[in-house]
Amino acid sequence: MTGAFNVQTAYADPSLPIVADQGGFSIEVYPQQHRLIVRAQGQKLKTYTVAVGNPSTPTPVGEYKVVYKGKNWGPSFGPRWLGLNVPWGTYGIHGTNKPYSIGQHQSHGCIRMHNNDVIELFEMIPLETKVTIFGHMLGNQYQDPRNLAEGDVGGDVQLIQSRLKGGGYFQGICNGKFLLDTTAAVKQFQRDHHLVQNGVVSIKVYEKLGLLE
């Protein structure tokens, strides 16, 4: 990637995530293009236009897998739901009763499809299918990452936890949930690097962690 950030590969548990292929199918999601691609044995099989998360509730970047398939969760979710193993929240690929939102950034983080499309995908895709959502882990690569504090969740939180764990500051599970143990680790890191010990991941903390040039 190019741009303002120099993000090195970081591994976390349960994963930041790196998911092994579990069969012939895989899914790729490109939020900026509102595009979902299904591949079979690496070859493009289907392309769908989708809706993705708005800027305040973005679709989570990373590699996941389909861990649940359900039907008729309610009108807002359309006729089918494919749940992903995002560790900090409930995210999935589903239908919608707002077809006008397809092709836009209008969801709360899930991937919305036209109802006929999600029925087709549901029948095609088995459990354990790898789903790769592309994008910058810290958000828009041309803007500063958001400040993080207790109560926040997301891939950026998981990345911070992974870096802190690699440095011996964080002992918990890198699950993308900014709780008391993450706050304590950030404060210890801030103390050792002569920063204000407020438990907030600011631009200066990103820089000291090597995530921002």
Side-chain angles (χ1 to χ4, degrees), residues 1-10 12 15-19 21 25-40 42-66 76-78 80-96 98-118 120-121 124-125 129-148 152-160 162 176 201 203 206 211-213:
M1 292 178 289
T2 59
F5 301 111
N6 175 23
V7 180
Q8 302 173 16
T9 302
S15 55
L16 183 51
I18 301 299
V19 178
D21 287 309
F25 289 97
S26 63
I27 293 174
E28 299 173 355
V29 180
Y30 297 87
Q32 294 304 313
Q33 288 78 42
H34 308 102
R35 189 167 74 240
L36 183 152
I37 295 174
V38 179
R39 294 188 182 275
Q43 301 300 310
K44 187 183 296 186
L45 181 64
K46 294 283 295 188
T47 300
Y48 300 100
T49 301
V50 297
V52 294
N54 63 57
S56 61
T57 56
T59 298
V61 172
E63 294 182 357
Y64 310 103
K65 60 183 177 180
V66 176
S76 296
F77 301 102
R80 300 290 186 271
W81 169 276
L82 293 89
L84 307 179
N85 65 329
V86 180
W88 57 85
T90 302
Y91 294 87
I93 303 168
H94 61 80
T96 183
K98 299 178 179 178
Y100 54 83
S101 69
I102 302 301
Q104 301 185 55
H105 286 74
Q106 284 205 4
S107 81
H108 292 101
C110 287
I111 299 155
R112 295 180 189 169
M113 303 181 70
H114 286 294
N115 289 338
N116 288 339
D117 289 345
V118 78
E120 183 176 69
L121 184 71
M124 186 189 320
I125 295 300
T129 294
K130 179 180 177 179
V131 178
T132 304
I133 301 174
F134 290 87
H136 200 286
M137 188 61 70
L138 297 178
N140 187 326
Q141 62 178 330
Y142 301 110
Q143 296 179 0
D144 289 338
R146 62 175 178 156
N147 286 356
L148 299 173
D152 287 331
V153 297
D156 46 2
V157 175
Q158 192 179 35
L159 181 57
I160 293 296
S162 177
V201 179
I203 294 298
Y206 282 109
L211 294 170
L212 187 65
E213 292 183 340

Student: How long is the gap from CG on Leu212 to CG on Leu138, to the nearest 0.5 Å?
Tutor: 8.0 Å
Student: How long is the span from the CD atom in Glu63 to the OG1 atom in Thr132, to the nearest 0.5 Å?
Tutor: 4.5 Å
Student: I'd like to check Tyr48 versus Val38 (side-chain heavy atoms, cut-off strictly below 4.5 Å). Are they in contact?
Tutor: yes
Student: According to ring pair (Phe, Tyr, Trp, His ring centres under 6.0 Å), who are the partners of His105, at least two apart in sequence or on a separate chain?
Tutor: His34
Student: Do you know which two heavy atoms are closest between Val52 and Pro31, and how far apart they sit?
Tutor: CG2-O, 3.7 Å
Student: Would you check if Val50 and Ile93 make a side-chain contact, meaning some heavy-atom pair closer than 4.5 Å?
Tutor: no
Student: Rounded to the nearest 0.5 Å, how far does NZ of Lys130 lie from CZ of Phe25?
Tutor: 16.0 Å
Student: Please report the interatomic distance CH2(Trp88) to CG(Asp152), rounded to the nearest 0.5 Å.
Tutor: 12.5 Å
Student: As a quick check of understanding, evaluate side chain to side chain contact (heavy atoms under 4.5 Å, CB included) for Tyr206 and Leu148, giving each step before the final call.
Tutor: CA-CA 10 Å; Tyr206 282 109; Leu148 299 173; 3.4 Å; yes
Student: Between Thr57 (side chain only) and Ser107 (backbone N and O only), is there a donor and an acceptor less than 3.5 Å apart?
Tutor: yes
Student: How long is the gap from CG on Leu84 to OG1 on Thr129, to the nearest 0.5 Å?
Tutor: 10.5 Å
Student: Of all heavy-atom pairs between Leu45 and Met124, which one has the smallest distance, and what is that distance?
Tutor: CD2-SD, 3.8 Å
Student: Any heavy-atom pair between the side chains of Val118 and Leu82 that's under 4.5 Å?
Tutor: yes
Student: Only counting residues at least two apart or in another chain, list the ones meeting salt bridge (charged side-chain N to carboxylate O under 4.0 Å, His left out) with Lys98.
Tutor: none
Student: Show the nearest heavy-atom pair for residues Leu121 and Met113, with the distance to one decimal.
Tutor: CD2-SD, 3.6 Å
Student: Do Arg80 and His94 come within less than 4.5 Å of each other through their side chains, counting heavy atoms only?
Tutor: no
Student: Just by modelled atom types, is the Gly95 backbone N or O under 3.5 Å from a matching donor or acceptor in the Asn115 side chain?
Tutor: no
Student: For Lys44 and Arg39, run side chain to side chain contact (heavy atoms under 4.5 Å, CB included): C-alpha distance rounded to whole Å, both residues' side-chain angles, the deciding distance at 0.1 Å, then the answer.
Tutor: CA-CA 4 Å; Lys44 187 183 296 186; Arg39 294 188 182 275; 3.9 Å; yes
Student: List the atom of Lys65, the atom of Asn85, and the distance in Å for their closest heavy-atom pair.
Tutor: N-OD1, 2.8 Å
Student: Working to the nearest 0.5 Å, report the span between NE2 of His114 and CD of Glu120.
Tutor: 12.5 Å
Student: Given the rule in the side chain to side chain contact (heavy atoms under 4.5 Å, CB included) test, do Ile27 and Ile37 qualify, once you have shown the distances and angles that lead to the verdict?
Tutor: CA-CA 6 Å; Ile27 293 174; Ile37 295 174; over 6 Å; no
Student: Work out which heavy atom in Ile203 is nearest to a heavy atom in Asp144; give both atom names and the distance.
Tutor: CD1-CB, 3.8 Å
Student: Classify the ring geometry of Phe134 against Tyr30: parallel below 30°, tilted from 30° to 60°, perpendicular beyond 60°.
Tutor: parallel
Student: Could you check whether any side-chain N or O of Thr59 sits under 3.5 Å from a backbone N or O of Gly109, counting only pairs where one atom can act as donor and the other as acceptor?
Tutor: yes
Student: Step by step, work out the side chain to side chain contact (heavy atoms under 4.5 Å, CB included) result for Ile160 and Leu211.
Tutor: CA-CA 9 Å; Ile160 293 296; Leu211 294 170; 3.7 Å; yes
Student: Using the test salt bridge (charged side-chain N to carboxylate O under 4.0 Å, His left out), find all partners of Arg35 that sit at least two apart in sequence or belong to another chain.
Tutor: none
Student: Looking at every non-hydrogen atom in both residues, tell me the closest pair between Trp81 and Cys110 and how far apart they are.
Tutor: CH2-SG, 3.9 Å
